[in-house]
Amino acid sequence: MYALIDGNNFYVSCERVFRPSLQGRPVIVLSNNDGCAIARSNEAKALGIRMGAPWHEIRHMEQSHGLVALSANFALYGDLSDRMMSLAAGLGPHQEIYSIDESFVDLTGVPGNLVERGRKIRERILQWVGIPCCIGIARTKTLAKLANHVAKTAERKPGSYPEHLAQICNLEALGSDELEDVFRRTQVQEVWGIGPRIGLQLINEGIQTVYDLVQIDGATVKRGWSVMLERTVRELKGMPCIELDHSPPPKQQIASTRSFGRTVTGFTDLEEAVTEFASRTAQKLRGQHSFCAQVMVFIRTSPFRKDPQYSRSIVVPLRRPTADSASITQGALQGLKAIFREGFNYAKAGVMLLDLQPDDQLQMELTLEDEEDSGRSRVRLMSALDAVNERYGRGTLTLGSAGVRGARRSWTMKQERRTPRYTTHVGEMLEVRA
DNA sequence: TCTGGGGTCCTAGGACCC
DNA sequence: TCTGGGGTCCTAGGACCC
């Protein structure tokens with residue numbers, strides 16, 4: 001048995017914790033560069049604002065409907081997520097943190113009424129953190145996701161599902177007639193693992209609801225689509241195929257990419273940006289105790305503009321696997337030189353680290369003694385760099401080619417509506433006056 | 001004028017091996 | 001007219017997730 005617990009409209013709920021006046025109003029959170037909507041309150045959903053809607057297309061609703069749009073404040077969301085997750089872990093013995101707002105909990109062996117237990121945890125998260133959650137409970141992870149969808153939709157749209165399934169939904173507790181009713185009311189595109197493409201194909205084949213989908217036998221699904229969809233169908237039939245990942249394996253690639261606040265044309269701007277992206281990836285790499293053997297760098301123009309288009313990437317092999325910011329940055333800049341072309345309006349760039357391996361399983365090589373010493377001192381230098389940036393904030397210490405804070409850096413992202421980092425930045429804490 | 005970022009897994013096809 | 005069989009590895013592209 002699994003539970004899936006997630007925060008409702010998570011980013012918006014985080015903003016409302018510190019600004020209760022946003023309750024009951026249509027609120028959205030925008031992506032980096034204030035580009036498009038990535039979280040919507042129920043009221044914003046009711047206005048017909050789609051996930052990913054470009055801000056410039058819906059901006060007029062500020063005036064007409066009192067829409068509130070905020071820039072993404074990931075420092076705040078990450079911190080509230082940690083608090084929510086530690087309380088959600090109380091549901092059962094093992095937890096898998098699946099995303100910033102969702103976790104699966106293995107309920108095997110948990111005694112008593114699971115719905116009651118869920119309700120207590122939900123109340124605690126609401127009271128202690130301030131985030132409203134919904135919980136889905138079922139025999140497989142895919143069904144737990146489905147149950148969670150039912151719990152949320154029943155709460156938000158009365159009449160869509162039986163009322164008693166709102167907020168906390170345990171599919172295992174339903175009779176077969178009621179379960180069939182839930183399956184008939186749920187469209188295939190709502191299923192975890194079925195995206196817009198496959199969803200459309202299924203509908204064209206006359207398979208509209210989860211009920212239709214579970215009528216098909218596995219072999220037909222595999223032949224007509226893929227082993228992935230077959231697995232999903234088996235899970236919907238109650239056969240567990242996806243296990244809980246309670247200690248997620250180290251990442252196989254690490255990326256840092258950004259769209260620019262405005263387009264840039266010069267090599268120097270790209271050099272600064274790529275230096276920063278490379279440094280960030282290197283820091284993440286050290287965080288999971290890995291080395292990388294290859295660095296990928298890409299630059300591209302905006303496909304949304306009518307400008308001449310250019311998009312290229314290149315993979316640069318490193319001389320030896322490393323987690324040193326300078327070596328990784330050097331590789332990335334070397335790649336950038338190779339792919340840069342004059343005369344384009346660049347809108348985005350990024351660095352990805354590939355071919356990752358644990359940093360304690362390095363292939364040894366013959367080195368001169370002083371080189372080995374300098375290798376060790378580089379490791380200490382990187383530890384010191386990370387420690388200083390951890391203590392005093394990201395960007396306190398950077399490589400020279402990253403450019404100087406507050407100087408040009410014309411490429412940095414636009415965030416015109418960000419709320420304070422209430423819980424992670426001393427200078428931005430809430431002040432309460434008597 | 002203005003359209004996010006960071007991941008995973010699967011598949012098909014080509015190169016290569018014995 | 002006729003040209004093996006079985007396997008691995010790599011890459012690019014597609015689909016999906018939040």
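We name chains A, B, ... by the order of the sequence lines, and we start the count at 1 in each one.
- Computed from coordinates, the L202(A) CG to dA15(C) P distance equals 13 Å when rounded to whole Å.
- Ring planes of W192(A) and F104(A): tilted class, angle from 30 to 60°.
- dC17(B) and dT3(C): their P atoms are spaced 24 Å apart (whole Å).
- Nucleotides dC2(B) and dC18(C) are separated by 24 Å at their C1' atoms, to the nearest Å.
- In this pair, Y77(A) and F10(A) present their aromatic rings perpendicular. The plane angle is above 60°, beyond the 30 to 60° band.
- Across all strands, S226(A) comes closer than 4.0 Å to no nucleic acid atom at all (heavy-atom distances).
- Summarising the geometry, the separation between CZ on F304(A) and P on dT3(B) is reported as 7 Å, rounded to the nearest angstrom.
- Heavy atoms of S256(A) sit under 4.0 angstrom from primed sugar atoms or phosphate atoms, though from no base atom.
- For dT3(B), neither phosphate oxygen OP1 nor OP2 lies less than 4.0 angstrom from any side-chain nitrogen or oxygen of S259(A).
- In this structure, F298(A) atom CZ and dG4(B) atom C1' are separated by 11 Å, rounded to whole Å.
- Taking the side chain of A255(A) as heavy atoms from C-beta on, and the options dC16(C), dG6(B), dT8(B), the nearest nucleotide is dG6(B).
- Note on I254(A): only backbone sugar-phosphate atoms sit closer than 4.0 angstrom, heavy atoms only; bases stay farther off.
- Within a 6.0 Å radius of CD in Q330(A), other residues, nucleotides and ligands contribute 12 heavy atoms or fewer.
- In this entry the distance linking CD of E57(A) with C1' of dT1(B) reads 13 Å, nearest Å.
- Taking atom CD of Q253(A) as the reference point, atom C1' of dG5(B) lies 13 Å away to the nearest angstrom.
- Per the geometry, NZ belonging to K145(A) stands 8 Å off P belonging to dC17(C), to the nearest Å.
- To the nearest 0.5 Å, atoms CG (L70(A)) and CZ (R16(A)) are separated by 10.5 Å.
- Within the 4.0 angstrom heavy-atom criterion, no nucleotide atom of any strand lies near V29(A).
- Distance from the side chain of K348(A) is smallest for dG5(B) among the nucleotides dG5(B), dG7(B), dC17(C).
- One atom, CG of N33(A), and another, P of dG6(B), lie 12 Å apart when rounded to the nearest Å.
- Distances from the side chain of R197(A) to the nucleotides dT8(B), dC16(C), dG4(B) place dC16(C) closest.
- I198(A) comes within 4.0 angstrom of sugar-phosphate atoms only, judged by non-hydrogen atoms across all strands, and of no base.
- Among the nucleotides dT8(B), dC16(C), dC18(C), the one closest to the side chain of D101(A) is dC18(C).
- Partner assigned to dC18(B) is dG5(C), using Watson-Crick or G-U wobble distances below 3.5 angstrom.
- Residue R305(A) has its side chain nearest to dC2(B) when only dT3(B), dC18(C), dC2(B) are considered.
- Here dC9(B) is the nucleotide among dC18(C), dG4(B), dC9(B) with the atom lying nearest to any side-chain atom of Q252(A).
- Side-chain atoms of V227(A) lie closest to dC10(B) of the nucleotides dG4(B), dG6(B), dC10(B).
- Atom CZ in R258(A) sits 8.5 Å away from atom CD in E276(A) (nearest 0.5 Å).
- Between M413(A) and R59(A), the one whose closest nucleotide on DNA chain B sits nearer the 5' end is R59(A).
- Note on ring orientation: taking the six-membered ring where Trp is involved, the planes of Y310(A) and F344(A) are parallel (angle under 30°, cut-offs 30° and 60°).
- Around the CZ atom of R185(A), the shell of radius 6.0 Å holds more than 12 heavy atoms that belong to other residues, nucleotides or ligands.
- The separation between W192(A) atom CH2 and dG7(B) atom P is 18 Å, rounded to whole Å.
- Comparing dG5(B), dC10(B), dG4(B) by their nearest atom to the side chain of M228(A) picks out dC10(B).
- In the set dG5(B), dC16(C), dT8(B), dC16(C) carries the atom at the smallest distance from any side-chain atom of P196(A).
- Among the heavy atoms of the strands, none lies under 4.0 Å from K306(A).
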